[in-house]
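Working notes, beginning with the structure itself.
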Amino acid sequence: MPELPEVEVVRRGLDAYLPGRSIAGVSVLHARAIRRQRGGARALAAEIVGAHIETVSRRGKYLWCVVRPRSGSEPRALVMHLGMSGQLLLPALSTGTLRHGRVKFSLNADRDLWFVDQRTFGGVYTDDLVADDQHGSLPSSVEHIARDPLDPDFDERAFSRDLRRRGTGIKRALLDQSLVSGIGNIYADESLWRTRVHYDKPCATLSAAQVREMLDHVRDVMSQALDQGGTSFDSLYVNVNGESGYFDRSLDAYGRENQPCRRCGTAIRREPFMNRSSYRCPRCQRAPRQQV
DNA sequence: CTCATGCCCTGCTGGC
DNA sequence: TGCCAGCAGGGCATGA
């Protein structure tokens, strides 16, 4: 559920504190949180204790710190994913143990870095850094994640071409992180409501102009959410200081079942979709004539 | 290769 | 009051 705006809020919070600091210790409090770590807790500690943190980066919903184990050594990635309930918090040392705390990083500073995750879909692990398609680097496990629509290197023409070749519905495509990243259920529904398009509209039936318009809405809604510190329905989606964003007050479709569409007044509908829910206005977003 | 589905997990809510 | 079903859903494995 943390999508691009929420993850970027967290990235900025980490970027304001972590670079220049060193990792003095790591405590794994829940094994599932490091299930993607090769070699388990022992290997994680061996790799990052004593490492120097250089930068905090993001690709889609993945975050990573570039860390250097020893001066002069090759940099590594400390990858972090929030899943749907993960938090990265920088509490003062005196705060004590956090509920649902899964991994604690000691920093030899006035704060620790905690990975907290109620539903344990997220996790942290180390990974190799490889060159990306431009001039930077990214963890090898993140190579399959596409750039997001706010990324300056996002290739809009290639996206439009690839999207319209997909043999599936538009929302499935928007949620496919290997086609375009950072979009989850909330911002997919919001973008489709703004574009007045039904979630099952076949990708092949979208014109290039429609894709352009939809992409503009995707960028607008995510930028607006970012400006308001992200979306929060409950206490799960918070910045590094545990504070919620305010964008949930601005949602037009997501979570508004039976409430009037802000354009036409028709009651918003919630419908099952991919074992989840889709919210749409039945009048503004008509079902496609030919189902996928 | 593309596409669809099921699973992982915990806490909260609503019905009976 | 307690119990249980349903729901929240990102990413990945698997099978068609």
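Residue numbers start from 1 in every chain, and the chains themselves are labelled A, B, ... in the order their sequence lines are given, proteins ahead of strands.
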Report the residues that fulfil salt bridge (charged side-chain N to carboxylate O under 4.0 Å, His left out) with [X], sequence neighbours left out, ordered by chain and then residue number.
{"X": "D132(A)", "answer": "R147(A)"}
{"X": "R76(A)", "answer": "E47(A), D128(A)"}
{"X": "D127(A)", "answer": "none"}
{"X": "E54(A)", "answer": "R68(A)"}

Whole angstrom value for the distance that separates [atom2] of [N] from [atom1] of [X]:
{"X": "Y62(A)", "N": "dG10(C)", "atom1": "OH", "atom2": "P", "answer": "12 Å"}
{"X": "H81(A)", "N": "dC9(B)", "atom1": "NE2", "atom2": "C1'", "answer": "15 Å"}
{"X": "L4(A)", "N": "dG10(C)", "atom1": "CG", "atom2": "C1'", "answer": "14 Å"}
{"X": "R165(A)", "N": "dC1(B)", "atom1": "CZ", "atom2": "P", "answer": "15 Å"}
{"X": "Q118(A)", "N": "dC12(B)", "atom1": "CD", "atom2": "C1'", "answer": "8 Å"}
{"X": "H144(A)", "N": "dC1(B)", "atom1": "NE2", "atom2": "C1'", "answer": "16 Å"}
{"X": "H100(A)", "N": "dT10(B)", "atom1": "NE2", "atom2": "C1'", "answer": "7 Å"}
{"X": "L82(A)", "N": "dA8(C)", "atom1": "CG", "atom2": "C1'", "answer": "16 Å"}

Might you list the N or O atoms of the protein lying below 3.5 Å from N or O atoms in nucleotides 14-16 of chain C, with each pair's distance?
none

ask   = Does CZ belonging to R38(A) count more than 12 external heavy atoms closer than 6.0 Å?
value =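 No - once you tally the heavy atoms of other residues, nucleotides and ligands closer than 6.0 Å, there are 12 at most.
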R283(A), CZ atom: more than 12 neighbouring heavy atoms under 6.0 Å =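 It does not: R283(A) CZ has 12 such atoms or fewer within range.
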remark   = Applying side chain to side chain contact (heavy atoms under 4.5 Å, CB included) to S181(A) and not counting sequence neighbours gives I145(A), D148(A), Q177(A)
message = Restricting to side chain to side chain contact (heavy atoms under 4.5 Å, CB included), what partner residues turn up for E156(A), sequence neighbours left out?
response =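 Checked E156(A) against side chain to side chain contact (heavy atoms under 4.5 Å, CB included); matches are F154(A), R212(A), L215(A), R219(A).
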Are any of [X]'s side-chain N or O atoms less than 4.0 Å away from OP1 or OP2 of [N]?
{"X": "R166(A)", "N": "dT2(B)", "result": "no"}
{"X": "S85(A)", "N": "dC9(B)", "result": "no"}
{"X": "S277(A)", "N": "dA8(C)", "result": "yes"}
{"X": "R119(A)", "N": "dG10(C)", "result": "no"}
{"X": "H30(A)", "N": "dC9(B)", "result": "no"}

task = Convert the base pairs of DNA chain C into dot-bracket notation, remembering that pairs crossing earlier ones are written with [ ] and that bases paired across to another strand are shown as |; include only Watson-Crick or G-U pairs under 3.5 Å.
result = .|||||||||||||||
Checking contacts here: which listed nucleotide ([options]) is nearest the side-chain heavy atoms of [X]?
{"X": "K61(A)", "options": "dG11(C), dC9(B), dC3(B)", "value": "dG11(C)"}
{"X": "E3(A)", "options": "dA8(C), dA4(B), dG10(C)", "value": "dG10(C)"}
{"X": "R270(A)", "options": "dG11(C), dA8(C), dG11(B)", "value": "dA8(C)"}

task = Quick one: which residue pairs count as a ring pair (Phe, Tyr, Trp, His ring centres under 6.0 Å) with a foot in residues 255-278 of chain A, not counting sequence neighbours?
result =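 Qualifying pairs, neighbours excluded: Y199(A)-F273(A).
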request  = Using the ring pair (Phe, Tyr, Trp, His ring centres under 6.0 Å) rule, collect all pairs that involve residues 81-120 of chain A, keeping only residues at least two apart or in two chains.
outcome  = Y62(A)-H81(A)
Between Q210(A) and T195(A): side-chain donor-acceptor atoms closer than 3.5 Å = no
Less than 3.5 Å apart, which donor and acceptor atoms pair up between the side chains of residues 13-27 of chain A and the rest of the protein, not counting sequence neighbours?
{"unit_1": "Y17(A)", "atom_1": "OH", "unit_2": "D110(A)", "atom_2": "OD1", "d": "2.5"}
{"unit_1": "Y17(A)", "atom_1": "OH", "unit_2": "R111(A)", "atom_2": "N", "d": "3.2"}
{"unit_1": "R21(A)", "atom_1": "NE", "unit_2": "Y17(A)", "atom_2": "O", "d": "2.7"}

Give every pair of a protein N or O atom and an N or O atom of nucleotides 5-8 of chain B that lie under 3.5 Å apart, one pair per line with the distance.
{"unit_1": "dT5(B)", "atom_1": "OP2", "unit_2": "R172(A)", "atom_2": "NH2", "d": "3.3"}

